[in-house]
Amino acid sequence: MTLTDIPFGITDWSQVPTTEHAGESGTATWRTRELGSVRVRMVEYSPGYVADHWCDRGHILLVLEGTLTTELADGEIVTMRAGSSYQVGDGVRPHRSSTQEGARLFIVD
């Protein structure tokens, strides 16, 4: 990730329009800012959300609320609670997310 040509700015996330993304079950609600080649998102997963795909894009992800379970393609499963984060590079370890209770995340990719 290269952060170039991005002016100083403040984001009021409550003012960023939402987009809905259906999962295998549940929904993901995204508030997205595109800053050059960097995507910054505030994401809310509904209770019972399960991603409908394996993702191989790199992310830096911080759990703000709730509990997030991330399944890696090699079978490893990690569970993170509010205050925990992960980072993974592009194409390093395909992963998919789920949550039983719902979760709110801040993601940079």
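Atom CG of L68 and atom OG of S84 lie 9.5 Å apart (nearest 0.5 Å). The structure places OG of S85 at 8.0 Å from CG of L61, a figure rounded to the nearest 0.5 Å. Going from atom CZ of R31 over to atom OG1 of T18 covers 5.5 Å, rounded to the nearest 0.5 Å. Between the CD1 atom of I60 and the CD atom of Q87 there is a distance of 7.0 Å, given to the nearest 0.5 Å. The distance from the OG atom of S97 to the CE atom of M80 is 7.0 Å, given to the nearest 0.5 Å.
Surrounding CG of D5 are at most 12 heavy atoms belonging to other residues, nucleotides or ligands under 6.0 Å away.
Residues R96 and A51 come closest through the heavy atom pair CB-CB, 4.1 Å. Here the closest heavy-atom approach between residue T69 and residue T79 is recorded as OG1-OG1, 3.6 Å. Across all their heavy atoms, H95 and R57 have their closest contact at CE1-O, 3.4 Å.
A salt bridge links E76 with R93; the closest basic N to acidic carboxylate O contact falls under 4.0 Å. The residues D109 and R41 are annotated as salt-bridged, a charged nitrogen and a carboxylate oxygen being separated by less than 4.0 angstrom.
Put simply, the residue from V16, I107, T19 that forms a side-chain contact (heavy atoms from CB on, under 4.5 Å) with W30 is T19.
Between E44 and T29, the side chains place no donor N or O within less than 3.5 Å of an acceptor N or O (distance only, hydrogens not considered).
Two different hydrophobic clusters hold V78 and V88 under the rule that ILVMFWY side chains link at heavy-atom gaps under 4.5 Å. Grouping the Ile, Leu, Val, Met, Phe, Trp and Tyr side chains by contacts below 4.5 angstrom, directly or via other members, places I77 apart from V63.
Side-chain contact check for R33 versus M42: every heavy-atom pair is 4.5 Å or farther apart. Annotation: side chain of Y45 is not in contact with side chain of R104 (no heavy-atom distance under 4.5 Å). When side chains are defined from C-beta on, L105 does not count as touching L62, because their heavy atoms never get closer than 4.5 Å. Taking 4.5 Å as the limit, some side-chain heavy atom of W54 sits within range of a side-chain heavy atom of E71.
For the side chain to side chain contact (heavy atoms under 4.5 Å, CB included) test, residues two or more places apart in sequence or in another chain that qualify with S46 are T27, Y49. Judged as a side chain to side chain contact (heavy atoms under 4.5 Å, CB included), and not counting sequence neighbours, the contacts of E34 are T32, R39.
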